[in-house]
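Okay, structure first, notes after.
Just so it is clear, the structure is predicted and the values come from calculations on it, not from any experiment. What you see below is based on every heavy atom in this structure, not just the backbone, and it leaves out hydrogens, waters and symmetry mates. The chains referred to below are lettered A, B, ... by the order of the sequence lines, with proteins before strands, and numbering in each begins at 1.
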2 protein chains.
Amino acid sequence: MHLVNLHAEHLFQALADPTRIRAVRLLAATGDEACLCELVDSLLEPPYKLSRHLKILRQSGLLSAAKEGRWVYHRLVTGAGAGYLRHLCDMMCALPDPAGVFAADLGRFENRRQLRVGGRCRVGIQNPELAAQ
Amino acid sequence: MHLVNLHAEHLFQALADPTRIRAVRLLAATGDEACLCELVDSLLEPPYKLSRHLKILRQSGLLSAAKEGRWVYHRLVTGAGAGYLRHLCDMMCALPDPAGVFAADLGRFENRRQLRVGGRCRVGIQNPELAAQ
DNA sequence: TGCACGGTTGCATTATCATGCAAATGAGAT
DNA sequence: ATCTCATTTGCATGATAATGCAACCGTGCA
């Protein structure tokens with residue numbers, strides 16, 4: 001698979017993985033930002049895995065990251081100059097969820113978000129199975 | 001890469017390849033249908049390659065195929081029950097084309113389309129480099 | 001029935017990607 | 001400075017996907 005038309009290919013390639021879809025979908029549906037540990041507790045995937053997937057999404061121009069102390073907040077890019085991102089966002093929100101995977105992700109994220117203090121995450125990974133020792 | 005959430009994953013996976021993006025984009029922009037030989041002459045890719053890519057797009061639910069004699073016409077599915085397909089179509093049409101790859105595809109398709117008789121393709125692959133012997 | 005031709009597919013090869021572990025980075029707190 | 005902790009990454013491995021060639025299928029025509 002050779003890249004010739006930079007934009008579109010990187011974009012769809014970035015969405016070709018189920019874990020990355022779940023992450024983008026969560027951010028698109030909530031319109032919120034999330035740090036890695038919140039995503040770990042929401043998607044129930046190990047931190048190193050998500051960290052790498054988020055990097056790919058960042059490189060594709062879909063996500064941006066903002067470091068705040070030890071936490072890194074990820075959010076969808078709402079590019080003014082990129083109208084197709086809006087269509088993409090609309091599409092993500094309109095996708096069916098036959099297996100309920102996304103609904104479960106969203107539920108865990110809502111719960112996890114209640115641990116925030118002043119809108120900021122102040123804890124690490126809560127799920128003991130996924131916390132690095 | 002494991003499939004857990006059938007719909008979205010097959011969909012984005014199907015769009016993860018540059019050749020497939022070019023094909024879908026062409027059909028989305030023109031709103032027309034096209035047979036394999038027309039696509040070969042438009043995208044300048046060998047028939048066996050396109051045939052397989054089109055199959056993947058069909059299996060993902062993005063394209064439908066209709067056989068007419070020796071020709072097979074491919075077109076985008078305009079599913080009534082699937083609102084996200086409309087958003088996807090909007091997005092494809094809004095994508096930038098920095099390298100002009102898509103514009104070139106479109107130009108070749110417009111030319112090739114003039115060989116139709118009564119709106120139907122009546123010839124095979126025109127490009128001698130790509131015609132099977 | 002045999003031929004020509006648009007389209008498809010089996011097979012082997014090569015390239016690409018995702019994953020897990022363990023180690024490392026870097027920023028705050030002690 | 002040192003320790004803790006959220007996050008990242010190098011490396012090795014296994015899984016998946018893309019490609020080219022050649023053979024094949026199926027339809028229409030002589």
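At whole-Å resolution of the value, NZ in B:K49 and P in C:dG7 are 18 Å apart. Rounded to an integer number of Å, the gap from NE2 of B:H53 to C1' of D:dT19 is 8 Å. Between the NZ atom of A:K55 and the P atom of D:dT8 there is a distance of 9 Å, rounded to whole Å. Rounded to whole Å, atom C1' of C:dT25 lies 14 Å from atom CG of A:L36. Atom CG of A:D41 and atom P of D:dA6 are 10 Å apart (whole Å). The interatomic distance linking A:R70 (CZ) with D:dT4 (P) rounds to 11 Å, in whole Å. Separating the CZ atom of B:R122 from the C1' atom of D:dG28 is a distance of 11 Å, rounded to the nearest angstrom. Protein atom CG of A:L130 is 16 Å distant from nucleotide atom P of D:dT8, rounded to whole Å.
Checking side-chain atoms of B:Y73 against main-chain N and O of B:C121 turns up a donor-acceptor pair under 3.5 Å.
Distance from the side chain of A:W71 is smallest for D:dA6 among the nucleotides C:dG7, D:dG20, D:dA6.
When heavy atoms are screened at a 4.0 angstrom cut-off, B:C35 is found touching the sugar-phosphate backbone but no base atom. Nucleic acid contact class of A:R58 (heavy atoms, under 4.0 Å, all strands): sugar-phosphate only.
Distances shorter than 4.0 Å separate none of the side-chain N or O atoms of B:H74 from OP1 or OP2 on C:dG7. The phosphate of C:dT16 has neither OP1 nor OP2 within less than 4.0 Å of any side-chain N or O from A:Q13.
With salt bridges taken as basic N to acidic carboxylate O contacts below 4.0 Å, none links B:D17 and B:K49.
More than 12 heavy atoms of other residues, nucleotides or ligands shown are found within 6.0 angstrom of CD on A:E68.
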Verdict with supporting geometry, B:V72 and B:L36, side chain to side chain contact (heavy atoms under 4.5 Å, CB included): CA-CA 7 Å; B:V72 177; B:L36 186 73; 6.0 Å; no
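Between B:R52 and A:L50, the residue anchored nearer the 5' end of DNA chain D, judged by the nucleotide with its closest heavy atom, is A:L50. If you find the closest nucleotide of DNA chain C to B:I125 and to A:E68, the one lying nearer the 5' end belongs to B:I125. Each of A:Y48 and A:V123 lies near DNA chain D, and the nucleotide nearest A:V123 is the one positioned closer to the 5' end. Both A:T19 and A:G69 lie near DNA chain C, and the one whose nearest nucleotide falls closer to the 5' end is A:T19.
A cation-pi arrangement is absent between A:R20 and B:F12, since the terminal nitrogen or guanidinium carbon is not both under 6.0 Å from the aromatic centre and inside a 45° cone about the axis.
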